[in-house]
Amino acid sequence: MSDQPARWTKATVYPDMWADPDDDPRNSEGVSPDGELATLQEFLTDYRTTLRMKCEGLDAEQLARRSVPPSTMSLLGLLRHLAEVERDWRNWITDGDPVPKIYGDGGADFHGAVADEAEVEAAYSALAREQAATDAELAEHPDLGERLGKDGIAVRELMVHRIDEYARHCGHADLLRECVDGRVGQ
């Protein structure tokens with residue numbers, strides 16, 4: 001007998017998928033977006049949705065579970081970390097004083113991810129708030145070649161970096177979720 005959960009998926013049409021295509025909010029029928037900015041925004045939206053999908057249906061203990069010791073990474077920690085990162089990206093594009101960290105320094109985004117329903121709600125709220133704030137700030141700069149902030153980062157570079165960050169952490173979320181309850185898929 002093993003402590004590892006059995007592998008499973010919700011999909012019935014394609015057993016290696018997270019959800020059936022008709023139930024997948026990331027799938028869109030029709031024409032792909034026009035232009036580079038719209039394409040980047042769609043990829044970012046899809047990765048954000050994927051992260052939420054990987055976390056859905058779990059309780060506070062499951063979200064806070066550190067599935068790969070000695071790592072401090074958990075699904076809840078990823079939510080907190082990405083909220084922190086969204087805030088930090090805004091610091092890259094401003095000429096003003098940096099906005100303070102949400103969770104503090106030294107990996108507190110992961111270390112403070114404890115199995116508490118209030119903490120889960122706060123993490124989801126912080127992530128939504130920080131995503132909206134970064135999106136709003138960048139909406140004022142639709143020219144992907146425009147350089148922002150003290151270091152002159154191009155909007156394009158920031159958009160690609162954001163996609164990269166979410167994509168990487170969605171890969172972590174795949175493994176974390178499988179360790180929590182065995183659920184696998186794209």
Side-chain angles (χ1 to χ4, degrees), residues 18 25-26 40-94 96-139 148-151 153-186:
W18 186 262
R26 298 165 299 178
L40 293 170
Q41 289 170 329
E42 184 172 281
F43 270 85
L44 179 60
T45 297
D46 285 350
Y47 279 120
R48 286 173 168 176
T49 301
T50 298
L51 181 68
R52 283 189 166 277
M53 291 171 72
K54 296 296 177 176
C55 295
E56 71 186 12
L58 298 177
D59 62 26
E61 185 280 323
Q62 291 170 313
L63 285 168
R65 190 177 302 166
R66 287 153 173 86
S67 302
V68 190
S71 172
T72 60
M73 193 177 292
S74 65
L75 290 166
L76 178 57
L78 287 176
L79 295 172
R80 290 166 49 100
H81 171 71
L82 286 164
E84 195 76 78
V85 169
E86 288 280 355
R87 178 173 278 202
D88 194 42
W89 285 325
R90 285 199 317 284
N91 287 330
W92 293 8
I93 60 179
T94 184
D97 291 333
V99 180
K101 291 190 171 291
I102 302 167
Y103 301 110
D105 291 324
D109 40 359
F110 288 105
H111 292 295
V114 296
D116 178 332
E117 192 57 43
E119 182 54 46
V120 170
E121 290 175 24
Y124 275 116
S125 176
L127 181 58
R129 180 187 66 243
E130 298 304 320
Q131 287 172 338
T134 304
D135 291 347
E137 182 76 26
L138 284 173
L148 304 171
K150 295 171 186 155
D151 295 328
I153 186 168
V155 173
R156 177 183 291 104
E157 182 181 351
L158 182 59
M159 289 297 295
V160 171
H161 188 74
R162 293 169 82 199
I163 293 165
D164 172 66
E165 184 85 10
Y166 278 91
R168 184 166 20 98
H169 289 312
C170 282
H172 295 135
D174 283 338
L175 298 173
L176 289 163
R177 178 65 186 249
E178 185 174 358
C179 287
V180 169
D181 69 356
R183 188 158 178 205
V184 296
Q186 90 287 4

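Here the structure is a predicted model, which means the values were calculated and not measured.
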Counting only heavy atoms from other residues, nucleotides and ligands, does the tally under 6.0 Å from CZ of Phe43 exceed 12? no

Taking the side chain as every heavy atom from C-beta outward, state whether [X] and [Y] have any pair of such atoms under 4.5 Å apart.
{"X": "Leu78", "Y": "Leu176", "value": "yes"}
{"X": "Arg183", "Y": "Glu178", "value": "no"}
{"X": "Leu40", "Y": "Arg162", "value": "no"}
{"X": "Val184", "Y": "Asp174", "value": "no"}
{"X": "Glu42", "Y": "Thr45", "value": "no"}

If you round to the nearest 0.5 Å, how far is [atom2] of [Y] from [atom1] of [X]?
{"X": "Arg177", "Y": "Leu51", "atom1": "CZ", "atom2": "CG", "answer": "11.5 Å"}
{"X": "Leu158", "Y": "Ile153", "atom1": "CG", "atom2": "CD1", "answer": "5.0 Å"}
{"X": "Asp164", "Y": "Met159", "atom1": "CG", "atom2": "CE", "answer": "13.0 Å"}
{"X": "Leu79", "Y": "Ser125", "atom1": "CG", "atom2": "OG", "answer": "11.5 Å"}
{"X": "His81", "Y": "Leu75", "atom1": "NE2", "atom2": "CG", "answer": "13.5 Å"}
{"X": "Ile163", "Y": "Cys170", "atom1": "CD1", "atom2": "SG", "answer": "11.5 Å"}

In terms of side-chain geometry, is the basic nitrogen of Asp181 or Arg65 positioned less than 4.0 Å from the acidic oxygen of its partner? no

Between Glu137 and Arg90, is there a salt bridge with N-O shorter than 4.0 Å? no

How close do [X] and [Y] get, counting heavy atoms only, and between which atoms?
{"X": "Leu58", "Y": "Lys54", "result": "CD1-O, 4.1 Å"}
{"X": "Phe110", "Y": "Ser74", "result": "CD2-N, 4.2 Å"}
{"X": "Ile102", "Y": "Glu84", "result": "N-OE2, 2.7 Å"}
{"X": "Lys150", "Y": "Gly96", "result": "NZ-O, 3.1 Å"}
{"X": "Leu76", "Y": "Val114", "result": "CD2-O, 3.4 Å"}
{"X": "Arg66", "Y": "His111", "result": "NH2-O, 3.5 Å"}

Hey, is the main chain of [Y] close enough, under 3.5 Å, to the side chain of [X] for a donor-acceptor pair?
{"X": "Thr50", "Y": "Asp46", "answer": "yes"}
{"X": "Arg80", "Y": "Ala126", "answer": "no"}
{"X": "Glu119", "Y": "Asp116", "answer": "no"}
{"X": "Glu165", "Y": "Val85", "answer": "no"}

Let me see the working for Arg87 and Lys101 under side-chain contact (heavy atoms from CB on, under 4.5 Å), right down to the final yes or no. CA-CA 7 Å; Arg87 178 173 278 202; Lys101 291 190 171 291; 5.9 Å; no

Check the angle between the aromatic planes of Tyr166 and Trp89 and answer parallel, tilted or perpendicular using the 30° and 60° thresholds. tilted

For the pair His161 and Trp92, name the ring-plane relationship: parallel under 30°, tilted 30 to 60°, perpendicular over 60°. tilted

